[in-house]
Amino acid sequence: MVSYSPLFSSSPARWKQLVLSKRITIASILLLFSLLALSEVFLERGISTRILSSLSFDAKSLDQSPLSCSNPFDPSSFPHHTPRPTYTRKANATFLTLARNSDLAGVIHSMKQIEGRFNRDRHYPWVFLNDEPFTEEFTRCTSAVTSAKTHYGQIPREQWVQPDFIDEEKATKARKALSKIKGVFYADSVSYRNMCRFYSGFFYKQPLLQDFKYYWRVEPDINYRCEIEYDPFLYMEDNNKVYGFTISVPEQQETTPTLWDTSMEFFNQNPQYLHPNNAMRFASKDGGQTWTRCTYWTNFEIGDLDFFRGSEGYNRYFEHLEAAGGFYYERWGDAPMHGIAISLLLDRDRIHHFDDIAYEHTGWEQCPNPVSSAYERGRCDCDYDNSMDVKWKRYSCQADFEAALAVPRIHAA
Ligand SMILES: Nc1nc2c(ncn2[C@@H]2O[C@H](COP(=O)(O)OP(=O)(O)OP(=O)(O)O)[C@@H](O)[C@H]2O)c(=O)[nH]1
Ligand SMILES: [Mg+2]
């Protein structure tokens, strides 16, 4: 007896049918396996992302996380030292962010950094400023990221837009000329100039800041790569500091061709404002003849608002620069303006370099040396080799700041 097997059927039509159905079966099995494998990968990735985010801080995953107001940031996802330092007091201080509504995602990113690295158990408030009204989305999303109070203010028009006395034809020509020079950012931008002028002469006049003594400036898309294990505001208060910075860099020549001479004009006419123990050496190696172009990089700064509000020298210096028109005829920045003012008006002992704060903005970063206790204490995840102390040393003004601090002090008789 021959056993029947359809596979060995002698009919060609039947043979074709069998081959076809076998192919379909194999293809279906393969498809099923691929789907299973794929879902496994997604499942695995989903689980591990959740586990990772609940265990440790991953700056890169924050970078990519979609903006979601209904799912606010959980500060407990940052690594903690236990126990956290205990504080018995707080400074009268706030974070300060100037932003457009379109900066929302970058602002949230920065807030997550600050809240996670420092503010989650300090609850310092945030002040947001804008030249336009903030949207409901902006206020809802930013207030969801912090457990602290948030305040939102609109800058008065006259403190933002180009003043009427500026000759627009001259300003336009200047912008066009600057745009032709390679490597000058925002050469043609009026709004960037408005921002620089605002941060030079008007931020500290905003009503929302009047009740605060210290501000900490925060820009969109910045990173803090170590935990901040102490309270920098209290450090300022306890050590009688007026101005704190992390990175110092030279300003471009093209954006400020006459800023130094205009500044010296003011200080020569008003030498009473020059502090005898100032940090002039940071700004000039030859007692004021020429400018080092060094600035404290103002996208990070912690400052004493009482100084800006109350210093006649600072405010008159700003008015002198304003009258010269260089914020619009050139592209004077708030960093060179603050840099010159802070270095010349203040006792240099009141300027502080926060060398233990790991801070990154647009690729330039300060990172403590990994052999230092600051690196270990802060559980840093920054790359020292990529820092201003190593890779970008040629652009750092740190040596000028240290030279300024080393100048022998003059003792009043
Ligand atoms: N409301 C408002 N905020 C602005 C405007 N232009 C800049 N800003 C904010 O001002 C701050 C500085 O602006 P940036 O464009 O970051 O200037 P920058 O730091 O010199 O340049 P980058 O190196 O590109 O970051 C940021 O907090 C911006 O969000 C503007 O036209 N309106
Ligand atoms: Mg910036």
> Do the two ring centres, one from Trp297 and one from Tyr359, sit under 6.0 Å apart?
Replying inline: no
>> If the threshold is 4.0 Å, N to carboxylate O, is there a salt bridge linking Arg89 and Asp238?
In response: yes
> If you measure from the Lys or Arg side-chain nitrogens to the Asp or Glu carboxylate oxygens, is any gap between Asp347 and Arg409 under 4.0 Å?
Replying inline: yes
>> Please check this pair: side chain of Arg175 against backbone of Ser189, looking for a donor-acceptor N/O pair closer than 3.5 Å.
In response: no
> Are Arg122 and Tyr87 in a cation-pi contact, defined as NZ or CZ under 6.0 Å from the six-membered ring centre and within 45° of the axis?
Replying inline: yes
> Hey, is the main chain of Tyr224 close enough, under 3.5 Å, to the side chain of Gln113 for a donor-acceptor pair?
Replying inline: yes
> Do the numbers put Arg217 on top of the ring of Tyr199, so that NZ or CZ is under 6.0 Å from the six-membered ring centre and no more than 45° off the axis?
Replying inline: yes
>> Looking only at side-chain N and O atoms, does Gln366 offer a donor or acceptor that is under 3.5 Å from a partner on His353?
In response: yes
> Any donor and acceptor pair, going by atom type alone, linking the side chain of Ser396 with main-chain N or O of Lys393 inside 3.5 Å?
Replying inline: no
> Would you say the side-chain atoms of Ser284 pair up with the backbone N or O of Met280, donor to acceptor, closer than 3.5 Å?
Replying inline: no
>> Would you say the ring centers of Phe401 and Phe245 fall short of 6.0 Å from each other?
In response: yes
>> Could you tell me if Tyr317 and Asn270 have a donor-acceptor pair between their side chains, going purely by distance under 3.5 Å?
In response: no
>> Ignoring hydrogens and geometry beyond distance, is a side-chain donor-acceptor pair present between Thr146 and Glu115 at under 3.5 Å?
In response: yes
> Do Gln252 and Thr256 have side-chain atoms, one donor and one acceptor, less than 3.5 Å apart?
Replying inline: no
>> Strictly distance-based, threshold 3.5 Å: is any side-chain N or O of Arg225 a donor or acceptor partner for the main-chain N or O of Ile357?
In response: no
> Is a side-chain donor or acceptor of Ser343 paired with a backbone partner of Ile340 at a separation under 3.5 angstrom?
Replying inline: no
> What residues, two or more places apart in sequence or in another chain, satisfy side chain to side chain contact (heavy atoms under 4.5 Å, CB included) together with His352?
Replying inline: Tyr235, Lys241, Phe354
>> Centre-to-centre under 6.0 Å for Tyr243 and Tyr296, is that the case here?
In response: yes
>> Among Phe308, Phe327, Phe198, which residue satisfies the ring-ring contact (aromatic ring centres under 6.0 Å, His included) criterion with Phe318?
In response: Phe327
>> Any donor-acceptor pair under 3.5 Å linking the side-chain atoms of Asn386 with those of Glu365?
In response: yes
> Is the backbone of Tyr152 close enough, under 3.5 Å, to the side chain of Trp126 for a donor and an acceptor to pair up by distance?
Replying inline: no
>> Between Glu322 and Arg197, does any NZ, NE, NH1 or NH2 come within less than 4.0 Å of an OD or OE carboxylate oxygen?
In response: yes
> Under 4.0 Å between a Lys/Arg side-chain N and an Asp/Glu carboxylate O for Glu254 and Lys180?
Replying inline: no
> Are Thr298 and Asp334 close enough that a side-chain donor and a side-chain acceptor fall under 3.5 Å?
Replying inline: yes
>> Assess, by modelled atom type and distance only, whether the side chains of Tyr328 and Asn194 contain a donor and an acceptor separated by less than 3.5 Å.
In response: yes
>> Between Asp131 and Met195 (side chain of the first, backbone of the second, donor and acceptor by atom type, cut-off under 3.5 Å), is there such a pair?
In response: no
> Under 3.5 Å, is there a donor-acceptor pair linking the side chains of Gln398 and Glu402?
Replying inline: yes
> Just by modelled atom types, is the Ala374 backbone N or O under 3.5 Å from a matching donor or acceptor in the Asp356 side chain?
Replying inline: no
> Taking only residues at least two apart or on different chains, which pairs with a member in residues 185-226 satisfy disulfide bond (SG atoms under 2.5 Å apart)?
Replying inline: Cys226-Cys380
>> Less than 6.0 angstrom separating the ring centers of Phe233 and Tyr124, yes or no?
In response: yes
> How would you list all residue pairs meeting disulfide bond (SG atoms under 2.5 Å apart) that involve residues 287-352, not counting sequence neighbours?
Replying inline: Cys294-Cys397
>> Regarding Asp385 and Lys391, does a basic nitrogen lie under 4.0 Å from an acidic carboxylate oxygen?
In response: no
>> Applying salt bridge (charged side-chain N to carboxylate O under 4.0 Å, His left out) to Arg350 and Asp306, what does each step give before you reach the verdict?
In response: CA-CA 13 Å; Arg350 305 192 76 188; Asp306 286 341; over 6 Å; no
>> Walk me through whether Tyr375 and Tyr384 qualify under ring-ring contact (aromatic ring centres under 6.0 Å, His included).
In response: CA-CA 10 Å; Tyr375 194 94; Tyr384 181 62; 8.1 Å; no
> Taking His123 for the side chain and Ser147 for the main chain, is one N or O donor matched with an acceptor at less than 3.5 Å?
Replying inline: no
